[in-house]
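In this text, all values refer to a predicted model and were calculated from it rather than measured experimentally. The basis for the numbers below is simple: all heavy atoms, side chains too, and nothing from hydrogens, waters or symmetry mates. One-based numbering, in listed order, for ligands and for the atoms of each.
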Amino acid sequence: MHSSWTIEVYGTVLKPAAFTYEEFRRMDDETVEPEKWVSGVQGNALRLWVLLRRVGLRVETTHLRFLGADDFQAEIPVTDLQDAFLLYRQNGRPLKKGYPVRLYVPQGDSNCLNVKSIVRVEAVAYDGADAKKPASFGFRNIIRPEELLRRDLSGMAPKQR
Ligand SMILES: Nc1nc2c(c(=O)[nH]1)N[C@H]1C(S)=C(S)[C@@H](COP(=O)(O)O)O[C@H]1N2
Ligand SMILES: [Mo]
């Protein structure tokens with residue numbers, strides 16, 4: 001039984017790529033023991049840098065933005081991600097919670113950064129003072145085209161004179 005998901009990694013990288021469960025299995029040298037980093041977390045995980053090495057993070061990158069399937073996202077300074085890992089398998093099967101992949105940030109200042117159900121990872125390069133922005137998280141505040149089509153926009157029509 002194999003799950004068919006892909007996680008896109010793009011932005012300020014040399015080679016954007018999409019990763020699958022099978023690729024996670026192949027890249028996994030099984031050296032990450034999640035329990036040692038975050039108590040109570042068991043299963044198979046990949047070090048984040050294993051993934052980043054494959055896409056080649058550009059030097060100007062300051063933050064990584066992890067987007068969940070529910071539009072929850074966390075934007076985290078790369079300097080906080082040294083020990084970060086991606087949990088993708090528990091008891092030999094795909095995750096029941098946080099499927100397909102969940103981020104853990106052992107050095108992060110909050111559990112809120114542990115994004116579940118990751119679909120995309122975007123590398124970003126902020127300039128100036130923004131380059132030092134601390135980690136943040138929350139739901140993306142956007143309207144998707146398919147939502148817009150469902151909305152009743154009549155109330156927004158200009159008044160007839
Ligand atoms: N995709 C997604 N990931 C998420 C969240 C979310 O709403 N959606 N909530 C975050 C917050 S605020 C917290 S505190 C933790 C909660 O993790 P738990 O469900 O394992 O308790 O998940 C984080 N990851
Ligand atoms: Mo949270």
Side-chain angles (χ1 to χ4, degrees), residues 1-13 16-25 27-28 30-55 57 61-126 130-151:
M1 179 246 158
H2 278 294
S3 40
S4 54
W5 47 261
T6 59
I7 291 179
E8 284 178 65
V9 185
Y10 66 108
T12 50
V13 299
F19 297 93
T20 63
Y21 179 84
E22 285 70 30
E23 278 162 316
F24 267 55
R25 288 299 292 148
M27 288 188 281
D28 187 2
E30 313 216 332
T31 55
V32 183
E33 294 172 56
E35 181 88 66
K36 285 192 180 161
W37 290 103
V38 183
S39 74
V41 178
Q42 281 153 356
N44 293 76
L46 264 196
R47 279 162 213 269
L48 179 65
W49 65 259
V50 171
L51 209 78
L52 297 178
R53 197 171 51 190
R54 288 272 302 270
V55 295
L57 206 56
T61 307
T62 58
H63 294 70
L64 293 185
R65 220 175 262 156
F66 297 86
L67 180 70
D70 57 355
D71 270 354
F72 181 86
Q73 70 173 17
E75 189 179 83
I76 307 173
V78 285
T79 47
D80 290 358
L81 291 167
Q82 236 115 4
D83 299 321
F85 60 85
L86 298 164
L87 186 75
Y88 71 97
R89 190 173 188 244
Q90 283 184 308
N91 303 313
R93 333 203 91 239
L95 300 190
K96 287 211 173 81
K97 177 180 168 184
Y99 173 90
V101 171
R102 181 171 195 175
L103 173 72
Y104 282 92
V105 190
Q107 288 165 329
D109 18 65
S110 159
N111 286 337
C112 308
L113 300 177
N114 298 336
V115 181
K116 293 176 268 193
S117 307
I118 292 176
V119 293
R120 296 207 307 253
V121 181
E122 182 182 6
V124 294
Y126 282 113
D130 284 343
K132 298 243 162 66
K133 275 209 276 192
S136 61
F137 61 88
F139 285 91
R140 283 207 308 173
N141 188 17
I142 56 147
I143 301 174
R144 287 174 291 197
E146 59 272 26
E147 281 174 65
L148 191 60
L149 293 172
R150 274 200 302 271
R151 279 178 195 218

For ligand 1, which atoms have a heavy atom of Val115 less than 4.0 angstrom away?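 Near Val115, the atoms of ligand 1 are 3 (N), 24 (N).
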
If you count the atoms of ligand 1 from 1 in the order shown, which ones are under 4.0 Å from a heavy atom of Phe139?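 Per the distance check, 7 (O).
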
Angle between ring planes, Phe85 versus Tyr104, binned at 30° and 60°: parallel, tilted or perpendicular?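 Rings of Phe85 and Tyr104: parallel, under 30°.
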
Nearest neighbour in protein (non-hydrogen) for [atom]:
| atom | answer |
| --- | --- |
| atom 10 (C) of ligand 1 | Phe72 CZ, 3.5 Å |
| atom 24 (N) of ligand 1 | Asn114 O, 3.0 Å |
| atom 19 (O) of ligand 1 | Lys116 NZ, 2.5 Å |
| atom 13 (C) of ligand 1 | Cys112 CA, 3.7 Å |
| atom 8 (N) of ligand 1 | Asp70 OD2, 2.8 Å |

In sequence, state the C-alpha distance, the side-chain angles, and the governing distance for Val115 and Gln73, and then conclude on side chain to side chain contact (heavy atoms under 4.5 Å, CB included). CA-CA 7 Å; Val115 181; Gln73 70 173 17; over 6 Å; no

Pick out which of Val124, Thr12, Leu57, Ile76 makes a side-chain contact (heavy atoms from CB on, under 4.5 Å) with Leu64.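 Looking at Val124, Thr12, Leu57, Ile76, the match for Leu64 under the side-chain contact (heavy atoms from CB on, under 4.5 Å) is Leu57.
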
Between Arg47 and Thr31, does the side chain to side chain contact (heavy atoms under 4.5 Å, CB included) criterion hold? Intermediate values first, please. CA-CA 9 Å; Arg47 279 162 213 269; Thr31 55; 3.7 Å; yes

Ile118 to Leu86 - nearest heavy-atom pair and separation: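 Closest approach of Ile118 to Leu86, heavy atoms only: CD1-CD2, 4.1 Å.
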
Under the side chain to side chain contact (heavy atoms under 4.5 Å, CB included) criterion, do Lys116 and Phe72 qualify, and how do the steps go? CA-CA 8 Å; Lys116 293 176 268 193; Phe72 181 86; over 6 Å; no

Side chain or backbone of Ser117 under 4.0 Å from ligand 1, or both, or neither, by non-hydrogen atoms?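 For Ser117, there is no contact with ligand 1 at all, from either part.
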
Where's the contact between Leu113 and ligand 1, heavy-atom distance under 4.0 Å: side chain, backbone, both or neither?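 Leu113 to ligand 1: no contact under 4.0 Å from either part.
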
Steps toward side chain to side chain contact (heavy atoms under 4.5 Å, CB included) verdict (Leu51, Met27): CA-CA 8 Å; Leu51 209 78; Met27 288 188 281; 3.7 Å; yes

Which is closest to atom 15 (C) of ligand 1 in terms of heavy atoms, Arg102, Lys97, Gln73?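 Result: the heavy atom closest to atom 15 (C) of ligand 1 is in Arg102.
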
